[in-house]
Amino acid sequence: MHVRVSCVTQAAQGARLVAPLRDAAPLLADTVTEIPYADCLGIVPGGGEPWAAVEHFALLDDLTPRAVEAVLDTAGPGAATRIDIVDIRHLGGALAAPPAAPNAVGNRDAGFAVLTLTFTTPGEAARSAASGTELTERLAPRPGDRRHPAFLSHADAVEERTPTAYSPETYRRLRAVKARYDPDNVFRFNHNIPAAG
């Protein structure tokens with residue numbers, strides 16, 4: 001297990017917050033240290049390096065025993081499927097707070113984001129497109145389950161799934177803005193939102 005933390009506070013307070021993690025189990029490596037904000041990608045091994053991979057996300061309210069069991073069944077030792085990395089991110093905090101200025105970020109109340117990552121080669125990406133869905137569908141089995149705009153992978157950012165990252169009202173407004181400023185859908189190689197009408 002690899003636990004990553006990021007804390008924007010004084011070093012002494014950060015050390016107090018990390019102490020229970022350091023005491024929880026034997027450590028194979030401890031790389032927690034003060035770093036400049038510009039180096040924050042270094043928290044992830046290989047951060048900033050390009051990889052060919054397939055990824056999928058699910059949002060959870062809680063990290064329940066059922067969710068942990070699903071992770072171990074689909075990605076743990078002896079699993080029949082191939083998922084190279086399962087990344088569980090604790091959300092909440094400032095992300096869950098009402099925004100000071102209105103914006104389109106939806107589903108702020110989720111407790112956790114779960115990422116599945118399967119490394120591949122560019123030529124094999126299409127054949128591996130479903131890799132990881134074995135887990136995300138167990139965690140969030142309904143097609144309309146909510147998503148978060150920051151956690152829409154390329155495979156998930158399709159027309160029928162992108163709306164679940166927003167409230168219905170916000171999605172209608174985004175489509176209206178698209179119709180006004182980009183009616184020809186020039187900006188479509190992203191989490192595409194089609195123009196209204």
Checklist entry - Where do Asp73 and Arg138 land on the side chain to side chain contact (heavy atoms under 4.5 Å, CB included) test, with the steps shown first? => result CA-CA 10 Å; Asp73 285 350; Arg138 277 185 66 176; 3.3 Å; yes
Do you reckon [X] sits in the same ILVMFWY cluster as [Y], going by side-chain contacts under 4.5 Å, direct or chained?
X	Y	value
Leu72	Ile83	yes
Leu63	Val71	yes
Leu115	Phe151	yes
Leu95	Phe112	no
Phe187	Leu174	no

Spacing of [X] atom [atom1] and [Y] atom [atom2] [to the nearest 0.5 Å]:
X	Y	atom1	atom2	result
Phe57	His148	CZ	NE2	11.0 Å
Thr118	His56	OG1	NE2	7.5 Å
Glu34	Cys7	CD	SG	10.5 Å
Ile43	Arg4	CD1	CZ	8.0 Å
Arg66	Leu139	CZ	CG	6.5 Å
Arg89	Leu91	CZ	CG	9.0 Å

Next on the checklist: Run Ile193 and His191 through side chain to side chain contact (heavy atoms under 4.5 Å, CB included) and show every step you take.
Outcome noted: CA-CA 6 Å; Ile193 296 173; His191 304 155; 5.8 Å; no
Under 3.5 Å: donor-acceptor pair, side chain of [X], backbone of [Y]:
X	Y	answer
Thr81	Thr74	yes
Glu69	Ala67	no
Thr136	Thr116	no
Asp62	Thr64	no

Item to check | Test side chain to side chain contact (heavy atoms under 4.5 Å, CB included) applied to Val86 and Val114, step by step | outcome: CA-CA 7 Å; Val86 175; Val114 179; 4.0 Å; yes
Next on the checklist: Set out, in order, the CA-CA distance, both residues' side-chain angles and the distance that settles salt bridge (Lys or Arg N to Asp or Glu O under 4.0 Å) for Asp182 and Arg188, then state yes or no.
Outcome noted: CA-CA 10 Å; Asp182 184 20; Arg188 63 186 179 276; over 6 Å; no
Next on the checklist: Determine whether Asp23 and Leu21 satisfy the following criterion, side chain to side chain contact (heavy atoms under 4.5 Å, CB included), listing intermediate values before the conclusion.
Outcome noted: CA-CA 5 Å; Asp23 295 339; Leu21 288 173; over 6 Å; no
Checklist entry - Should we count CZ of Arg22 as having more than 12 external heavy atoms under 6.0 Å? => result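 Atom CZ in Arg22 is crowded, with more than 12 foreign heavy atoms closer than 6.0 Å.
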Checklist entry - Just wondering, more than 12 heavy atoms not from Phe119 lying within 6.0 Å of its CZ? => result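 Result for CZ/Phe119: enclosed.
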